[in-house]
Structures are given as C-alpha cells and as structure tokens.
Engineer: 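Okay, here's the structure, questions in a sec.
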2 protein chains.
Amino acid sequence: MTQDDPPAGTRADLIAAGLHLFGQQGFAATPTRALAALAKTNVASIAYHFGGKEGLRLACGAEVARRIGQVAGPPATELPATRRDALDRLEAMLRAMVVFLTQGPQAQDTVAFILRELSEGGPAFDLVYDAFFLPKHRELCALAGMATDQPAEAEETRLLVFSLLGQAVYFRIGQPVICRRMGWTGYSAAETTAIADRLAANMRAILRSQP
Amino acid sequence: MTQDDPPAGTRADLIAAGLHLFGQQGFAATPTRALAALAKTNVASIAYHFGGKEGLRLACGAEVARRIGQVAGPPATELPATRRDALDRLEAMLRAMVVFLTQGPQAQDTVAFILRELSEGGPAFDLVYDAFFLPKHRELCALAGMATDQPAEAEETRLLVFSLLGQAVYFRIGQPVICRRMGWTGYSAAETTAIADRLAANMRAILRSQP
DNA sequence: GCAATTTAATCAAACGATTGATTTAATCGC
DNA sequence: GCGATTAAATCAATCGTTTGATTAAATTGC
C-alpha cells in the first residue's frame, strides 16, 4: 500500500478506536484495554503495532493529517481575479468547513481528536498545525486580503481570518450547549444549513464593512 | 463565611488546584496526589473536605459558578431604550467577555475547567449552564433582538448570538494555534485589545446588515 | 512441488507501578 | 483535654506494558 492509503486491518481498527476514545475522553483517561476492546483485538497489539499507547497517539495524529489532506485538497495556487470571486471562494470554503465540522461520523472523531490534542498540547499538535492549520490559514488570508484590499499577511488580516474561523469551530466545540439552547438533538442537514447560512451572512457583512 | 465568599484555607487551596489541574489535563488524568501536592496538603484532605475526588470536582464547579456570578453580575432587568443603546450594551458585554476570556490568571483556570467539563459532559456542566450560559444568552438575545428588530427568542436571533459568542470563545480555546500564527507569546493587554476591537467591529457589521 | 523454516500477528496471563480510597496516628487551635 | 485537621501508612483495584505460547502466512532449500 502506498503512503496515502488508509490503513487496514488491526492497525486501522486501533487507530479508529484511538481517534474515537482519545477524542471523546482524552488520552490519559482512555485505558489501553478499552482501545483493544473497541478494536476487537488484544491489548498487546498496541505495543506490537505502535510500540505503546503513545505510539498509537502519534499514529492517530498522522491519520488525522492524512484525512484532512484528503478533504482540504491542495491549496489553490492562483488567486481569483476579482473581489467578488474572492468572496465567493471564501464563502464556499467556510460552508465546506461547517459541513466538515458538523456532519459526518468520521469527521466527528477527527475533530474531537484534534481539539483534544490542542488543549492537551499533545505531540500530534505540531503535526496537524503544519499539515493543515498553517497552509489553510494562509490560503484564507490571501482570499481575505484580496476581499478587503489589504496585504494577505497583515496582522489585521490574520486576525480577521481567525475571527471568521472561530465562529465555525465554536459550533463543534460548544455543541452540547448550543443544541440544548436551540432545542436541537444534534446537527442534521437542516441545522448544518442554518449554521452555514448564518456564518456566510456574517462573513459577507464583516468583509463588506472592511475596506 | 457566607455562601458567596471565596473559600479559604486548605479547602480553597484544593479547589484552586482542582480548577488548575482538572482544566489543564482533565479530571481522569489528574491524580489525587498531584492535587494534594499543588495544594500543599495531604491526599486524605480531599476525602476529608469533599468526600473524594468527585466531590472536589463538584466543589470546583460550584466555585466556577460563584466566580462567574461575580463577573457577570445580575442580569439587567430593563432593556435599553434605543437600538443604539442596545448596540452599545452588546459591544460592552462582548468586550468584557473577551477580557474575561483572555486576561487574568484566575480566569484562565476557570475557563479551562468549564471547557473540560463541557467536552467531558461532566456533572458540573448542568450547574454552569443553568447558572451562567442560559441567563447570559437570554440577556444577549434580548439585546440582539432589539438591535435587529426581531423577537429575542427567535431561532435566528439565538443562532446569531451564538455566532457572536463563538468568535470570543475561540480565541481562548485556540490560543496555542492563534498565538503561533500571530507570532504572539500570549495574551497581554495589547493582544486583548486587538482581539476585542476586531470582534466589536465584526459584531457591529453583522448587526448593521441584519434588518 | 513440498517439507522445513522463518516471519508476522494475535492471544491469555502476569508484571510492577500507580490509582483513589481508607484507616490509623499525630498535630493544631483554643 | 477535645474537636477539628492534617499526616503517614496501607488497601484493593486498575493502569500500561511485557512475556511466552500459539497460529497462519511467507519464504527458503532442494
């Protein structure tokens, strides 16, 4: 198998279990026996395949980077021609991000794992930052800079992009609070659309007021 | 001591240790010995004062609710007279929230603890939700509804308020990512101001485009 | 082609270390 | 001296890891 193929077999089962349990309860709070049980294998398999619990954590991080690479795709090389195009591209990317964050059972585990590593300062953090956050943020800054007639790497632009991103991320992190307050039982298609519409409108309002 | 006074002595030391360690590494990942060491006392004190580790967790939740009650103050009973006043009040509350989220070493632990309880579905979650999130969100909805000429409890208004809140919360949760990308070493006064200005501008742009 | 051998993978069992909790003794304030 | 705390010692349970045995698939030697 090539490097970019999804793992298969017991290795894959353990990584899936790791993403799920590490993301849901945290690394330290997840016993190796729970991982093995979920992966329908023996605890010794963890040491055999990954050298230990910590090794599985790193493998999960690599898998996350791989999955995200698939979703995000290669960063666009050429910038759009007009401000209008830049705005449209920004909106499309924001909407895609909302869908990725709120939909898909696999994305659920992926996002939860990343957030855990983030707050725990886990070793998978650097991996995901370099592989995803940084290039994606740069891409968004280029678009936002174009939409606001400002340098892409200006402090104002970078901060602006974070404030746009933050809105989307919050709906994943704060899901329990949000769903309770909204009277939702979860994020199905209708809720995702409502969120994406809201954030897209916010983005256009913010960028329109900027120049 | 009355109910609203901050605890003192070993109890207070243990609660401070709990907020710090539970928030930083999670509940399950924090050994009682680490709690006792940080509080400069013995492990048995935890059982003595709180009945056990779980009791300390609840006491931390209560302390968080108490602190937040101090910061948030009593919800305003009367609504502002004009749309302009509503906007000003919203901006003031948003700025206060950013300061609370980014500044203050005590707030750091408090916020981290809440977020942990949130993602772990801990027993302190209901406490904080009822004591803080819900009334504060209602208050913001009333103001936002006034600023946009919409019913305060309309689904659109509630979602709008969440999208405003999300921006602020993200800057606390994503601090490691944000600081690295911004070239900051942390949130000092200058960074907090930059964030608050950005979010205030976003809020005004969003609400202005609404009606 | 086929037995002999090696390798990869999984398993149950057990290891030492650490966990939260408990018990017992010492200490403090008054 | 006495109730309220704190400290030290110990408990069973659980943690991550290691072990030696077992199975199945490749690989080798001829």
Side-chain angles (χ1 to χ4, degrees), chain A residues 1-3 5-63 113 116-117 120-124, chain B residues 1-3 5-63 113 116-117 120-124:
Chain A
M1 75 181 183
T2 70
Q3 196 179 352
D5 283 341
T10 303
R11 274 188 66 95
D13 293 341
L14 278 171
I15 289 175
L19 286 175
H20 186 71
L21 293 177
F22 290 159
Q24 199 151 64
Q25 352 172 162
F27 176 77
T30 302
T32 51
R33 284 160 180 82
L35 292 163
L38 187 59
K40 297 191 202 304
T41 181
N42 192 270
V43 279
S45 300
I46 298 172
Y48 178 77
H49 285 286
F50 306 100
K53 194 183 174 186
E54 193 71 36
L56 176 56
R57 177 189 220 165
L58 288 171
C60 288
E63 171 62 13
F113 178 83
R116 282 281 181 186
E117 288 294 310
E120 293 177 8
Chain B
M1 74 179 184
T2 71
Q3 197 178 349
D5 283 340
T10 302
R11 273 187 66 95
D13 293 341
L14 279 171
I15 289 175
L19 286 175
H20 185 71
L21 293 177
F22 290 160
Q24 199 150 62
Q25 1 174 149
F27 176 77
T30 302
T32 51
R33 286 160 179 82
L35 292 164
L38 187 59
K40 296 190 203 302
T41 181
N42 193 269
V43 282
S45 301
I46 297 171
Y48 178 77
H49 285 287
F50 307 100
K53 193 184 175 185
E54 192 71 35
L56 176 56
R57 175 190 220 166
L58 289 172
C60 287
E63 170 63 12
F113 178 83
R116 281 280 182 184
E117 289 293 312
E120 293 178 7

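The model shown is predicted, which means the values in this text are computed figures rather than measured ones. Proteins get letters first, then strands, A, B, ... in listed order; numbering begins at 1 in each.
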Engineer: For B:Q25 and C:dT18, give me the distance from atom CD to atom P, rounded to whole Å.
Structural biologist: 16 Å

Engineer: Rounded to the nearest 0.5 Å, how far apart are CG of A:L21 and OG1 of A:T32?
Structural biologist: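 Here the rounded value is 11.0 Å.
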
Engineer: Looking at C:dC11, I'd like to know if its phosphate oxygens (OP1 or OP2) sit under 4.0 Å from a side-chain N or O belonging to A:T41.
Structural biologist: yes

Engineer: Rounded to the nearest 0.5 Å, how far does OG1 of A:T41 lie from NE2 of A:H49?
Structural biologist: 6.5 Å

Engineer: Contact list please: residues 45-62 of chain B against DNA chain D, heavy atoms, distance less than 4.0 Å, in numerical order.
Structural biologist: B:Y48, B:H49

Engineer: Calculate, to the nearest 0.5 Å, the distance between atoms CD and CG belonging to B:E63 and B:L14 respectively.
Structural biologist: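 Reported value, rounded in 0.5 Å steps: 12.5 Å.
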
Engineer: How close or far is atom C1' of D:dG16 from atom CG of A:L21, stated in whole angstroms?
Structural biologist: 16 Å

Engineer: Between the side chain of B:K40 and the main-chain N/O of B:D13, is any donor-acceptor distance below 3.5 Å?
Structural biologist: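 It does not hold such a pair.
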
Engineer: Nearest whole angstrom, please: distance from the P of D:dT14 to the CZ of A:R33.
Structural biologist: 10 Å

Engineer: Tabulated below should be each protein N or O lying under 3.5 Å from an N or O of nucleotides 19-27 of chain D; please produce it.
Structural biologist:
none

Engineer: Apply side chain to side chain contact (heavy atoms under 4.5 Å, CB included) to the pair B:L58 and B:F50, showing each step before the final yes or no.
Structural biologist: CA-CA 9 Å; B:L58 289 172; B:F50 307 100; over 6 Å; no

Engineer: After noting the C-alpha distance and the side-chain angles of B:F27 and B:R116, does the key distance pass the side chain to side chain contact (heavy atoms under 4.5 Å, CB included) rule?
Structural biologist: CA-CA 8 Å; B:F27 176 77; B:R116 281 280 182 184; over 6 Å; no

Engineer: Tell me, with the steps shown, if A:Y48 and A:T10 meet side chain to side chain contact (heavy atoms under 4.5 Å, CB included).
Structural biologist: CA-CA 11 Å; A:Y48 178 77; A:T10 303; over 6 Å; no

Engineer: For the CZ atom of A:R33 and the CG atom of A:N42, what is their distance to the nearest 0.5 Å?
Structural biologist: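 Rounded to the nearest 0.5 Å, the CZ-CG separation comes to 9.5 Å.
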
